[in-house]
Amino acid sequence: MAKFMAEPFKIKVVEPIAMKTQEQLAAAIEEAGYNTFLLKSKDVYIDLLTDSGTTAMSDNQWAGMMIGDEAYAGSGNFYNLEKTVQEIYGFKYVVPTHQGRGAENILSKICIKPGDYVPGNMYFTTTRAHQELAGATFEDVIIDEAHDSQLDHPFKGNIDLNKFQALIDRVGAERIPYICLAVTVNLAGGQPVSIQNMREVKQLADKHGIKVMFDATRCVENAFFIHEREEGYQDKSIAEILKEMFSYADGATMSGKKDCLVNIGGFLALNDDDLYQKATQLVVLYEGMPSYGGLAGRDMEAMARGIRESVDYYYIKHRIEQIRYLGEKLEEAGVPIVKPIGGHAIFLDARQFLPHIPQDQFPAQMLAAQLYKLSGVRSMERGIVSAGRNSQTGEHYFPKLELVRLTIPRRVYTYAHMDVVAEAVIELYKKRDTIPGLKMVYEPPVLRFFTARFEPVK
Ligand SMILES: *Cc1c(COP(=O)(O)O)cnc(C)c1O
């Protein structure tokens, strides 16, 4: 067997991408103020900004789009989605939403009361924001290893049961409506949770009457890592592992834009009758009827079909191995990356890549800009620019991790594209001493990473 699995699909439709000259790339990044969020998609050669909603759908999913049942109520596509989630994930109830954050909003509103605490394995931006909006305080209970970018650990997304227990002891179980367990942990670098940890979290939570809600967005990637790394799971199928994972959950929020292989969509899955009733009352207000939740019938059909495709062993094996291929190429050339290589992206460690640039001259921002300028590859800064400022003192937050994220869309690019990316990063690494820092010349008041503008330091 080859070390890296070739594509388990062939190409039927192609989308040409722009080939740009060095001059055009330089002009485009200049015009975008050295911010890859401000580049136009038509100027990008290989787009690794995000894996959210950027999936290539299959012929089977596109065929499903043609049988969209666009009835206002009781669409046949909803019943197919419901049946699929029941069969594949094992939940009783499904409430569709326009994307993951729609489900997070509803879950937070039906479960949280002001003054509550919600523990989780590292935060995700929208998830935590909805918990806080509903009046809860978020408490990070991930294992300490997750915060060290160079530490190799097979399940860096695990919950530290002692931290969870300590929170229960400190605030009381009645103020913890649920624990939010993300599988995998996006902000830790796509790091998985072991099935043993899920089992133990569920036991501890049950003992205290606390619910366990999964952020299931990347559950298939997590299942693959369990198959690969956890003893006793090598002979189990991805579908069997998923079923067991969700047997330790009372409910889940899902962004269909990731592991359900669609461009838009999401849902809230639940087992509890009472919570489901409350969710259906709210979904009408925020999303739409409980049988469409902000989605067209065709979108629900594509998501149902995507869920079935996503549990195919070869689909997920190829995805993980393609990312590993890129990561190992970079590692062999000595490029500093976050370890171990996770489920959806490679993270360049800009602090080690550009040690001569102080953090307040935005090394990761500049690295992302230089990568685009050299090769047309678009990536994303995850460092001091994304962290923002302390609203009290006005000072920058100085996060420990100063990273550039190369996120791989599902089924979109080939190994040849990964070679282009690797070669460009390695070339930049060789001439890293010549790369200057940046100064910020425009800064918006909130979420500055989307629209801030920069110029190179002279
Ligand atoms: C993308 C994502 C979400 C939010 O989903 P949207 O569909 O973008 O609203 C939540 N959790 C994780 C881990 C994600 O990656």
Side-chain angles (χ1 to χ4, degrees), residues 37 48-55 81 85 89 94-109 118-134 138 140 142 146 156-159 178-193 198 212-225 245-246 249 251-269 283 286-288 293-295 299-300 302-303 306-307 310 319 323 342-345 347 380 382 386 403 405-410 447 449-450:
F37 278 100
L48 307 186
L49 189 70
T50 175
D51 67 339
S52 178
T54 52
T55 300
L81 174 64
V85 173
Y89 297 157
V94 184
V95 182
T97 57
H98 74 286
Q99 58 184 80
R101 67 200 67 185
E104 291 167 353
N105 175 37
I106 292 169
L107 179 69
S108 302
K109 284 205 164 69
V118 178
N121 47 348
M122 211 172 262
Y123 74 98
F124 184 76
T125 48
T126 57
T127 319
R128 185 176 70 183
H130 280 298
Q131 291 161 359
E132 289 172 349
L133 266 174
F138 169 79
D140 187 7
I142 200 166
K156 242 176 161 177
N158 279 357
I159 295 235
Y178 63 90
I179 180 165
C180 176
L181 185 59
V183 292
T184 64
V185 184
N186 188 343
L187 291 204
Q191 303 294 337
V193 179
M198 295 177 202
V212 179
M213 298 296 179
F214 279 21
D215 178 342
T217 299
R218 300 168 184 283
C219 60
V220 180
E221 292 164 7
N222 201 111
F224 183 80
F225 286 119
M245 284 166 59
F246 288 121
T253 55
M254 185 68 176
S255 169
K257 302 172 73 171
K258 290 37 171 290
D259 274 0
C260 300
L261 299 174
V262 286
N263 305 119
I264 193 72
F267 57 83
L268 173 62
V283 78
Y286 289 102
E287 307 277 328
L295 295 172
D299 295 330
M300 291 189 284
M303 188 154 64
I307 290 169
S310 74
R319 167 158 179 74
I323 293 164
H344 66 290
F347 292 80
M380 180 195 287
R382 286 278 101 144
S386 299
L403 308 175
R405 189 179 84 180
L406 304 166
T407 334
I408 315 300
R410 294 166 182 78
L447 295 178
F449 58 94
F450 283 127

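Counting starts at 1 for both ligands and their atoms, following the listed order. Atom set for the values below is all heavy atoms of this structure, side chains included, hydrogens, waters and symmetry mates excluded.
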Worksheet item: Is a side-chain N or O of R410 found less than 3.5 angstrom from the main chain of T54, in a donor-acceptor match?
Response: no
Worksheet item: Between Q99, H344, H130, which one has a non-hydrogen atom sitting closest to atom 6 (P) of ligand 1?
Response: Q99
Discussion item. Going by the rule side-chain hydrogen bond (donor to acceptor under 3.5 Å, both in side chains), which residues pair with T50 if we only count those two or more places apart in sequence or in a different chain?
Written reply: none
Worksheet item: Could an N or O of ligand 1 be found under 3.5 Å from any N or O of G100, whether backbone or side chain?
Response: yes
Worksheet item: Is there a donor-acceptor contact under 3.5 Å from the side chain of D299 to the main chain of I264?
Response: no
Worksheet item: Honestly, is R382 close enough over F449, meaning NZ or CZ under 6.0 Å from the six-membered ring centre and within 45° of the axis?
Response: yes
Item to complete: Name all residues meeting the salt bridge (Lys or Arg N to Asp or Glu O under 4.0 Å) criterion together with D215; count only those two or more places apart in sequence or in a different chain, and write none if there are none.
Response: none
Worksheet item: Between the candidates D259, D215, T253, which shows the shortest non-hydrogen contact distance to atom 11 (N) of ligand 1?
Response: D215
Item to complete: Just need the protein heavy atom nearest to atom 7 (O) of ligand 1, so name the residue and atom and give the distance.
Response: S255 OG, 2.6 Å
Worksheet entry | The one among M254, R101, E104, K258 that brings a heavy atom closest to atom 9 (O) of ligand 1 | R101
Worksheet item: Can you find an N/O atom of R218 closer than 3.5 Å to an N/O atom of ligand 1?
Response: yes
Discussion item. If I apply the N/O under 3.5 Å rule, does K257 come out as touching ligand 1?
Written reply: no
Discussion item. Restricting to non-hydrogen atoms, name the atom on V85 and the atom on A269 that form the minimum distance, rounded to 0.1 Å.
Written reply: CG1-CB, 4.4 Å
